[in-house]
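Indexing begins at 1, ligand by ligand and atom by atom, following the structure's order. Side-chain atoms are counted along with the backbone in the values below, which use heavy atoms only and exclude waters and symmetry mates. No experiment lies behind these values; they were computed from the predicted model shown.
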Amino acid sequence: MFHLGWFIGNGFGVQSWGQTWSGEGGTEWKEAQLYIDHARAMERAGFDFMMFEDSSMVPDQYGGSMDAYLASAIYSPKHDPVPMLSAVGISTSRIGVVGTIATPFYHPFMAARSFATIDNMIGGRAGINLVTSSNNRAAQNYGLDTHIEHDHRYAMAHEWVDCLTRLWGAWDPDSVVLDEANGIFADGSKVRTVDFKGEYYSSRGPLNVIPSPQGRPAICQAGGSAVGREFGARWSDVVMSNVQGGPGRMKAYRDDVLERAVVHGRKPSDVKVMFLINPTLGETDEEAHERYRRKQEGALKAYEKRLISMSVFTGVDFSTFDPDEPLPAITTNGHQSNTADMRMMGEGKTLRELAADYDLTTIAPLVGSPDTVAGQLQEIYEHVGGDGFLVASTVNRRTVAEITDGLVPALRRRGLTRTGYTYEHLRDNLLEF
Ligand SMILES: Cc1cc2nc3c(=O)[nH]c(=O)nc-3n(C[C@H](O)[C@H](O)[C@H](O)COP(=O)(O)O)c2cc1C
């Protein structure tokens, strides 16, 4: 069996707006109820978790102005996902809720405290997606002149998680004794300072939060570069990837992450590698192919929207390039692996065509009826030996229902995904298979 997660790729932002099936997406996106509805559908379908992307800036890379971002609601507005985890968590009972934290901008004590609090509030289903962020504007919002160099920020992130996990471990699991007869709430011999003194971060500890029901919240991460994979392999319960180029590259990615995990003394089964998918479903294969063709046509027309996003994670102004020429040579201090994939995908294409393709594909185009797509996923799973998939489709009631009530029943009929939850805690469900 494999695991399923849903990646809310625009974070706590505008999900689906101005499209035929967006509903009241232009106003509803800011209400907790929308995500609660979706999470309940995902829980019915046995998803391991729902994960919110995050960033903290109004970008201005494309055309040197904020206008394109504000007009198209790309990257902005974006609300803080951490409070949303509590709302979704208390409205569900089994699905995990994962929020993103950018390590360069949060002190590990603050993150340890927030996520241990949420984990306690919702009975052990919280997860933290650790990113090192990629954008100068975000860095400037936290007082830096420019963002820290790519590999250096991963070096800092190792120390950050070391501090975070020590803080989470400062209270023994049995430290809260509730001994009413002797008037002892928590046993002082089971709670310690951590006295963490690193090169970048220090914290005395202990945390002033009781132990997390899971021991510690689950850690997720999606580095694609060598240093990014090293970070994920060392610390993460879930490593996520949108590696392009088909099963061969997916397998190489997974093997690499698991080999690195073993070097850090971990069992390969402790790390779940999940790949992003964005299926196009239809009543029949023909209908799905027709929808995919229309999506391609739409993506080509709206190629500029993709360039607007590509400008954010590379920090390069794509408005200055001719869309009918190939992608020029670019360098970035942003997402290294995505930029490398973009160069690979751009071979033999104009920038316009590349932008359109980049919008549609994740690991492979998955197109067909629910049973056909279930078969395609089964084939990938058997070839790559991965641990599951992270749905990254546009979030609206139609797409969620297509996956949770169309694709998932087809996956279940093939015995590929769970029919119910065995455990109460996110990490236990992740480690089940
Ligand atoms: C599933 C997934 C989720 C991600 N979530 C975020 C996010 O919320 N915020 C962010 O700044 N970057 C996010 N990223 C980017 C990664 O953290 C990472 O920077 C990117 O995959 C490039 O890898 P590299 O940093 O090793 O070059 C995400 C990537 C993937 C594939």
Participant: Flag the pair F105 / H147 as yes when their ring centroid distance falls below 6.0 Å, and as no otherwise.
Facilitator: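 That pair passes the under 6.0 Å test.
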Participant: Would Y35 and F52 count as a close aromatic pair, with their ring centres under 6.0 Å?
Facilitator: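 Between Y35 and F52, the centre distance is under 6.0 Å.
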Participant: Counting distance only, does the side-chain N/O of K301 pair as donor-acceptor with the main-chain N or O of E297 below 3.5 Å?
Facilitator: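 Side chain of K301 to backbone of E297, a donor-acceptor pair under 3.5 Å: no, none is there.
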Participant: Taking the six-membered ring for Trp, is the centroid-to-centroid distance between Y200 and H107 below 6.0 Å?
Facilitator: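 Centroid distance Y200-H107: not below 6.0 Å, so no.
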Participant: Just to verify, which of Y381, F275, F2 counts as forming a ring-ring contact (aromatic ring centres under 6.0 Å, His included) with F389?
Facilitator: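 Running ring-ring contact (aromatic ring centres under 6.0 Å, His included) over Y381, F275, F2 with F389 returns exactly one hit, F2.
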Participant: What pairs meet the salt bridge (charged side-chain N to carboxylate O under 4.0 Å, His left out) rule with one or both residues in residues 215-242, with sequence neighbours excluded?
Facilitator: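 Non-adjacent pairs meeting salt bridge (charged side-chain N to carboxylate O under 4.0 Å, His left out): R216-D237, R229-D256, E230-R260, D237-R427.
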Participant: Heavy-atom cut-off of under 4.0 Å around ligand 1: list whichever protein residues fall inside it, by chain and number.
Facilitator: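 Residue list for ligand 1: F7, M51, E53, D54, T100, N129, V131, S133, H150, Y154, A222, G223, G224, S225, G228, M240, N242, L276, H335, Q336, S337, N338, L390.
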